[in-house]
2 protein chains.
Amino acid sequence: MKKVSIKDVANLANVSIASVSYVLNKMPNNRISETTANRIKEAAEKLNYRPNKIAKSLKTNKSKILGFIVADIANPFFGQIAKILEEEALKIGYTIIVGSSGENSEKFDKLINFFIDQQVDGLILAPVENSENSFIKLDKEKFPYIILDRNLNGINSSGIRINNKEISYQATNTLIEKGSKFPLLVSYETTLVNLLDRDFGFYEALKENNLSETEAIKVKINNIQKDIFNGLDKHFKKTKKPDAIYFTSNKLAFSGLRYLLKNNINIPEDVQIIAFDESDAYELFPVDISYIKQPLDDIAKNALEMILKIINKQNTIIENKKLCAKLILRESTN
Amino acid sequence: MKKVSIKDVANLANVSIASVSYVLNKMPNNRISETTANRIKEAAEKLNYRPNKIAKSLKTNKSKILGFIVADIANPFFGQIAKILEEEALKIGYTIIVGSSGENSEKFDKLINFFIDQQVDGLILAPVENSENSFIKLDKEKFPYIILDRNLNGINSSGIRINNKEISYQATNTLIEKGSKFPLLVSYETTLVNLLDRDFGFYEALKENNLSETEAIKVKINNIQKDIFNGLDKHFKKTKKPDAIYFTSNKLAFSGLRYLLKNNINIPEDVQIIAFDESDAYELFPVDISYIKQPLDDIAKNALEMILKIINKQNTIIENKKLCAKLILRESTN
DNA sequence: ATGAAAGCGCTAACAC
DNA sequence: GTGTTAGCGCTTTCAT
């Protein structure tokens with residue numbers, strides 16, 4: 001069963017391939033009479049003609065493929081965004097290819113190259129630590145890309161992010177309002193600015209309320225479980241135990257809650273909890289956890305819109321969109 | 001900054017484009033002397049030449065892109081497989097594009113068409129209910145594809161699946177051995193054979209042990225939470241309450257465990273639990289849940305291997321690989 | 001050992 | 001209103 005090409009359609013309809021192309025691409029139709037147009041459409045239908053996108057891409061120099069590089073596609077946060085991205089892209093004839101960097105800057109760079117070789121029209125990137133060089137290269141080649149979710153020191157590119165600092169401030173303030181005197185921060189040991197902003201928001205709230213800083217638990221990104229168990233163990237063996245915890249990511253909350261569960265620490269009586277990110281998993285925890293809900297849908301849709309603008313050169317200036325996360329209060333904060 | 005093409009490399013190296021192609025594709029090297037080869041490599045390096053895969057695809061009629069259609073990429077089961085698939089594919093120069101059907105046969109068919117138009121070399125498909133026609137069409141066009149995870153009545157295609165019936169039998173048997181007299185089945189109302197097999201395994205174990213069948217809870221795929229809450233409510237208000245539950249998917253377990261938690265039903269004292277699929281979420285549940293672990297890594301790797309074989313016509317017969325899931329026993333079964 | 005050239009399927013400028 | 005044709009960047013056959 002040979003593939004049918006534009007030539008076959010032209011033959012059957014007794015027209016030139018140019019006419020077929022014109023009709024099937026719905027060009028401004030002062031060309032081609034309605035009768036021939038119909039003849040062409042019928043022929044295409046009859047032969048079940050499927051235009052070859054590869055050939056089209058080669059000619060137009062547009063692949064209509066977008067690359068999306070995340071830290072880990074198996075993380076529901078990125079999974080959810082990928083899903084929406086893919087659905088929205090499909091509607092306008094774009095395809096998304098996804099790669100997982102695993103927080104590794106070499107893999108990250110390799111994926112970028114692979115995707116560019118694949119002739120993607122643009123990239124949506126969630127940077128990893130030490131990936132600055134990848135961005136410098138992209139900028140030098142003027143390759144269309146945007147940054148999603150994260151932030152790199154010294155790299156100023158268009159991107160979609162959320163109000164990390166403000167929402168963290170708000171979350172911490174809430175903990176304090178509800179009575180916390182010794183709130184504990186559990187966050188990453190990182191240089192990623194978006195994550196550091198979450199810390200800043202926390203500390204700002206402390207300062208504002210004249211609370212002294214307790215030593216935060218700073219977790220290595222590839223040693224989450226252990227670092228958290230050890231850290232919490234230390235804090236909860238003190239006489240002055242934390243009475244509230246702010247987890248700056250779903251994965252951190254995950255391990256942390258597990259610790260609290262195993263050690264019979266009561267929420268919210270002994271400690272209040274607020275965690276960044278929504279998670280299905282919270283539903284299986286005995287206490288409904290208060291959390292910060294990111295606008296995943298908006299993030300994905302805005303990202304798509306922004307990268308398309310850049311590809312089509314409707315945007316020459318650097319644009320930074322900051323979307324608003326929402327604090328969802330439940331049992332774990334009274 | 002114009003893109004550099006094979007022509008530019010040829011010019012700089014003072015050779016024909018054919019020679020460039022030969023050298024860069026590492027053809028059997030009785031052609032081209034080592035000196036010219038080096039000259040070409042240097043030129044390519046210097047110009048930072050990146051072969052255009054689109055052009056190559058057009059010529060070779062191979063896109064090196066594989067389509068992967070799942071029910072929901074945000075479901076960790078599929079997310080995990082997608083991740084491994086993508087990583088393995090990358091190693092051999094293939095790209096994976098993923099689509100989510102949302103259990104909708106129309107969307108499923110649309111994605112297939114979209115991916116074929118995209119010139120994918122082959123498809124890895126997780127069928128949805130009533131998607132038989134899509135497969136009949138694919139078979140008619142002899143388009144390379146394999147089926148993953150699921151099974152459709154009347155469709156006999158190459159695929160990767162697991163021992164649903166056997167492992168379900170084993171799980172149920174375990175529940176009974178540990179003392180259950182009234183095990184309850186919570187599964188889907190579906191025609192998907194792989195899921196029905198899980199039911200069969202359950203019933204077979206009952207029969208073998210001369211236990212009478214309790215009325216199973218059959219959940220509609222788009223109304224999981226409600227159906228389960230209502231179903232369990234009914235069962236736990238009877239005098240003859242279930243003393244063990246077998247959930248045939250992670251999503252079912254999810255809602256079910258939530259019910260048990262909210263209603264203070266003790267595990268394993270009141271009911272034992274076994275659930276299909278691993279889940280991070282179980283880690284936040286007060287009791288460690290026994291579960292059936294699917295060999296995700298093997299599933300993905302075998303799927304890739306199998307579709308490649310079919311694409312390269314090394315396989316003309318229909319091959320069905322059945323991988324073995326593993327029962328992981330923890331607290332919820334004593 | 002190397003080059004010339006055809007052609008993959010399409011778009012779009014140009015010709016009539 | 002419709003056809004002719006160049007050419008996108010590459011692979012590969014055939015010639016030399």
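Order of the sequence lines sets the chain letters (A, B, ...), proteins ahead of strands, with each chain counted from 1. Just the heavy atoms: all of them, side chains too, but no hydrogens, waters or symmetry mates, feed the values below.
Of the possible polar contacts, none joining the Ser100(B) side chain to the Lys83(A) backbone as a donor-acceptor pair under 3.5 Å is found. In this structure, the side chain of Glu103(B) does not engage the main chain of Asn222(B) through any donor-acceptor pair within 3.5 Å. Looking at Arg161(B), its side chain never comes within 3.5 Å of a backbone N or O of Leu148(B) through a donor-acceptor pair.
Nucleic acid contact class of Asn14(B) (heavy atoms, under 4.0 Å, all strands): sugar-phosphate only.
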Kindly determine whether Tyr94(A) and Ile65(A) satisfy side-chain contact (heavy atoms from CB on, under 4.5 Å), including the steps that lead there. CA-CA 6 Å; Tyr94(A) 274 81; Ile65(A) 299 179; over 6 Å; no
Under the criterion salt bridge (charged side-chain N to carboxylate O under 4.0 Å, His left out), I'd like the reasoning laid out for Lys91(A) against Glu88(A): C-alpha separation, chi angles, the key distance, then a yes or no. CA-CA 5 Å; Lys91(A) 289 183 194 161; Glu88(A) 294 300 311; 3.0 Å; yes
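Using five terminal pairs a side, the axes of the helix from dA1(C)-dT16(D) to dC16(C)-dG1(D) at its two ends make an angle of 50°, given in steps of 10 degrees.
Seen from the ring of Phe114(B), Lys53(A) counts as a face-on cation partner, given the 6.0 Å and 45° thresholds.
Legend: residues meeting side-chain hydrogen bond (donor to acceptor under 3.5 Å, both in side chains) with Ser158(A), ordered by chain and number and at least two apart, are absent. Under the side-chain hydrogen bond (donor to acceptor under 3.5 Å, both in side chains) criterion, Lys41(A) pairs with no residue, sequence neighbours left out. The ring-ring contact (aromatic ring centres under 6.0 Å, His included) check on Tyr145(B) picks up Phe135(B), with sequence neighbours excluded.
For the pair Thr36(A) and dT2(D), the criterion of a side-chain N or O lying under 4.0 Å from OP1 or OP2 is met.
Listed in residue order, the members of residues 113-122 of chain A having a heavy atom less than 4.0 Å from DNA chain D come to none.
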The contact string for nucleotides 7-13 of chain D, one letter per nucleotide 5' to 3', using protein heavy atoms under 4.0 Å with B, S and - for base, sugar-phosphate only and none, comes out as BBBBBBB
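In summary, the side chains of Ser134(A) and Ser131(A) do not present any donor paired with an acceptor at a separation below 3.5 Å, with no hydrogens or angles considered.
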